[in-house]
Amino acid sequence: MAQTENFKDWLFRYQYLYGIRRSDKSKKRFIGALVADLAAMGAAPQVIEYDQQKKSAARNVYVGDLKRAKKVICTYYDTPPVSIGDYVYFDRKQQLRQTILAILAGSLAVLLAGAAGLAWLMGNDWFALDFGRPLTYVGIALVLVFFLVLGRVAKGLSNRRNLVRNTGSVLLMLAMIEAAQDPQVAYAFIDEGTYGERGLEVLQSSLKKGTPVYFLEAVAADAPLYIKDNETAPFSKAAVTDFQGAPQVRYIFSGEPGTAGFTLSKKLLKSKEINMNNIDQLITAFS
């Protein structure tokens with residue numbers, strides 16, 4: 001599939017303008033743009049809120065009739081935090097360890113930089129705690145900036161290079177909806193996908209029992225496609241049509257097999273290019 005003008009527009013906006021989708025504010029901005037794009041295609045998206053907190057809530061966006069659908073295609077839209085090492089599929093504990101290591105390493109780097117900066121300031125004769133001197137306020141401002149940066153790093157920085165995981169999957173679903181709005185197929189853009197299964201659980205609670213769900217993750221990477229149900233096998237159109245005996249949720253992803261399971265290398269995760277061959281293969285398989 002050659003990239004249409006709409007696809008190029010989505011690629012730019014969802015990669016750069018709405019690329020970070022982690023805070024409640026940034027997620028709302030993304031959903032506003034997504035709903036507008038879906039409505040422009042003639043779709044009627046529904047935004048479902050759940051797990052409301054005092055200042056935030058999780059939100060899923062649905063397209064199509066979930067009760068009538070014969071199958072549902074979904075992906076998560078929230079931005080993953082920065083982590084250390086390759087991405088390991090289907091291992092939440094390892095993913096958590098890699099995220100914690102990144103937070104610890106980042107926090108240590110900021111603390112060391114802050115300590116070095118404080119030692120440098122204290123070692124200069126021109127620095128003194130004298131509120132009559134402008135340099136005192138400069139020093140106070142630097143200390144405040146230090147704690148601000150430390151606070152952000154300690155919460156985990158958002159991964160800004162997220163075209164592969166998972167913006168590419170969002171773009172694929174938009175292309176699918178634009179190509180054919182089949183009343184027997186529903187689509188779901190779910191929240192809280194980088195941390196667990198909560199968004200998927202909320203989606204499943206709205207479906208008829210046994211409705212197959214195809215969960216897309218990092219499908220735009222420059223790696224072969226696989227499908228995971230009872231077993232993991234290379235992806236094919238036949239795997240989509242043959243659902244007998246499979247679990248309700250089937251995962252479609254691009255990855256590299258290894259002794260520790262399927263992974264995506266840091267190099268592939270940081271890619272700024274979409275694997276259009278995978279996009280074409282999936283659109284054809286689901287059409």
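We number each residue from 1, following the sequence as shown.
Looking only at side-chain heavy atoms (C-beta outward), Thr99 and Ile84 stay at 4.5 Å or farther from each other. The closest side-chain heavy-atom distance from Val164 to Asp222 is not below 4.5 Å. Residues Leu157 and Pro81 fail the side-chain proximity criterion, which asks for heavy atoms closer than 4.5 Å. In this structure, the side chains of Val170 and Trp10 stay at 4.5 Å or more apart for every pair of heavy atoms. Here the side chains of Tyr87 and Gln94 are not in contact, with every heavy-atom distance at 4.5 Å or above. Within the 4.5 Å cutoff, the side chain of Tyr195 has no heavy atoms near those of the Pro80 side chain. Between Ile274 and Ile279 the shortest side-chain heavy-atom distance falls below 4.5 Å. In this structure, the side chains of Leu225 and Gln281 come closer than 4.5 Å at one or more pairs of heavy atoms.
Side-chain atoms of Gln184 never come within 3.5 Å of backbone atoms of Arg68 as a donor-acceptor pair (strictly under, hydrogens ignored). For Asn278 (side chain) and Ala221 (main-chain N/O), a donor-acceptor pair under 3.5 Å exists by modelled atom type. In this structure a side-chain-to-backbone donor-acceptor pair under 3.5 Å is present from Asn162 to Asn159. Using modelled atom types, no side-chain atom of Arg250 and backbone atom of Val213 make a donor-acceptor pair closer than 3.5 Å. Side-chain N or O atoms of Ser26 include one that pairs as donor or acceptor with a backbone N or O of Ser23 at under 3.5 Å. Here the side chain of Asp191 pairs no donor or acceptor atom with the backbone of Asn60 at under 3.5 angstrom. Proximity of a side-chain donor or acceptor of Thr75 to a complementary backbone N or O of Leu216 within less than 3.5 Å is detected. Between the side chain of Thr211 and the main chain of Lys208, a donor-acceptor pair closer than 3.5 Å is present. Lys27 places no side-chain N or O within donor-acceptor distance of the main-chain N or O of Ala57, the cut-off being under 3.5 Å.
At a threshold of 4.5 Å between side-chain heavy atoms, the hydrophobic network of Ile, Leu, Val, Met, Phe, Trp and Tyr places Leu111 and Ile103 in two separate groups. No chain of hydrophobic side-chain contacts below 4.5 Å, direct or via other Ile, Leu, Val, Met, Phe, Trp or Tyr residues, connects Val153 to Leu101. Linking ILVMFWY side-chain heavy atoms closer than 4.5 Å, directly or via other members, places Phe146 and Leu112 in two distinct hydrophobic clusters. Linking ILVMFWY residues whenever their side-chain heavy atoms come closer than 4.5 Å, directly or via other members, places Leu11 and Leu282 in the same cluster. In the hydrophobic clustering of this structure, Met173 groups with Ile283; members are Ile, Leu, Val, Met, Phe, Trp, Tyr whose side-chain heavy atoms approach within less than 4.5 Å, directly or through other members.
Shortest non-hydrogen contact noted between Ala39 and Pro45 is N-CD, 4.5 Å. Shown here for Met176 and Ile73, the closest heavy-atom pair between the two residues is SD-CD1, 3.9 Å. Val219 approaches Ser169 most closely through the heavy-atom pair CG2-OG, 3.5 Å. Here the shortest heavy-atom pairing between Ala186 and Ala69 reads CB-CB, 3.8 Å. Among all heavy-atom pairs drawn from Arg13 and Ala33, the shortest one is NH1-CB, 4.1 Å. For the pair Arg165 and Leu269, the tightest heavy-atom approach, listed with the atom from each and the gap, is CB-CD2, 4.2 Å.
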Lys55 vs Asp24, salt bridge (charged side-chain N to carboxylate O under 4.0 Å, His left out): CA-CA, chis, key distance, verdict: CA-CA 8 Å; Lys55 294 184 178 181; Asp24 191 67; over 6 Å; no

Output, in order, the C-alpha distance, side-chain angles, deciding distance and verdict of side chain to side chain contact (heavy atoms under 4.5 Å, CB included) for Met41 and Leu174. CA-CA 9 Å; Met41 288 186 268; Leu174 284 170; 3.8 Å; yes

Check step by step if side chain to side chain contact (heavy atoms under 4.5 Å, CB included) holds for Val47 and Val35. CA-CA 8 Å; Val47 180; Val35 167; 3.9 Å; yes

CA sep, side-chain torsions, deciding dist, call: Leu200, Tyr76, side chain to side chain contact (heavy atoms under 4.5 Å, CB included): CA-CA 9 Å; Leu200 180 59; Tyr76 61 88; over 6 Å; no

Let me see the working for Gln95 and Ser83 under side chain to side chain contact (heavy atoms under 4.5 Å, CB included), right down to the final yes or no. CA-CA 8 Å; Gln95 294 168 17; Ser83 61; over 6 Å; no

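No more than 12 heavy-atom neighbours from other residues, nucleotides or ligands sit within 6.0 angstrom of CD on Glu273. At most 12 heavy atoms of other shown residues, nucleotides or ligands fall within 6.0 angstrom of atom CZ in Arg152. Heavy-atom contacts from other residues, nucleotides or ligands closer than 6.0 Å to CD of Glu231 number 12 or fewer.
Distance check: Arg22 CZ to Lys155 NZ gives 9.5 Å after rounding to the nearest 0.5 Å. To the nearest 0.5 angstrom, Leu17 atom CG is 7.5 Å from Arg29 atom CZ. The structure places CD of Gln15 at 10.5 Å from CZ of Arg161, a figure rounded to the nearest 0.5 Å. Within the model, atoms CD of Glu197 and CD of Gln204 stand 8.5 Å from one another, a figure rounded to the nearest 0.5 Å. The line from CG of Asp91 to OG1 of Thr263 is 11.5 Å long, rounded to the nearest 0.5 Å. Leu203 contributes atom CG, which lies 6.5 Å from atom CG of Leu66 (distance to the nearest 0.5 angstrom).
The pair Arg21-Asp78 does not meet the salt-bridge criterion, since no charged nitrogen lies less than 4.0 angstrom from a carboxylate oxygen. For Lys266 and Asp86, the salt-bridge test fails: no basic side-chain N is under 4.0 Å from an acidic carboxylate O.
The ring-ring contact (aromatic ring centres under 6.0 Å, His included) with Phe215 is formed by just one residue from the set Phe189, Tyr89, Tyr251; it is Tyr251.
Annotation: cation-pi pair Arg59/Tyr50 absent, no NZ/CZ under 6.0 Å from the ring centroid and within 45° of its normal. Both cation-pi conditions hold for Lys228 and Phe90: the charged atom is under 6.0 angstrom from the six-membered ring centre and inside a 45 degree cone around its axis.
Note: Phe253 and Tyr226 have parallel aromatic rings, judged against thresholds of 30 and 60 degrees for the angle between ring planes. Below 30°, between 30° and 60°, or above 60°: for Tyr214 and Phe286 the angle between ring planes is above 60°, a perpendicular geometry. Between Tyr14 and Phe30, the ring-plane angle classifies as perpendicular under the 30° and 60° cut-offs.
Residue Ile100 belongs to a hydrophobic cluster whose other members are Leu96, Leu104, with links defined by side-chain heavy atoms closer than 4.5 Å.
With 3.5 Å as the limit, one finds no donor-acceptor pair spanning the side chains of Asn166 and Glu217. Judged purely by distance below 3.5 Å, without hydrogens or angles, the side chains of Ser287 and Thr284 never pair a donor atom with an acceptor atom.
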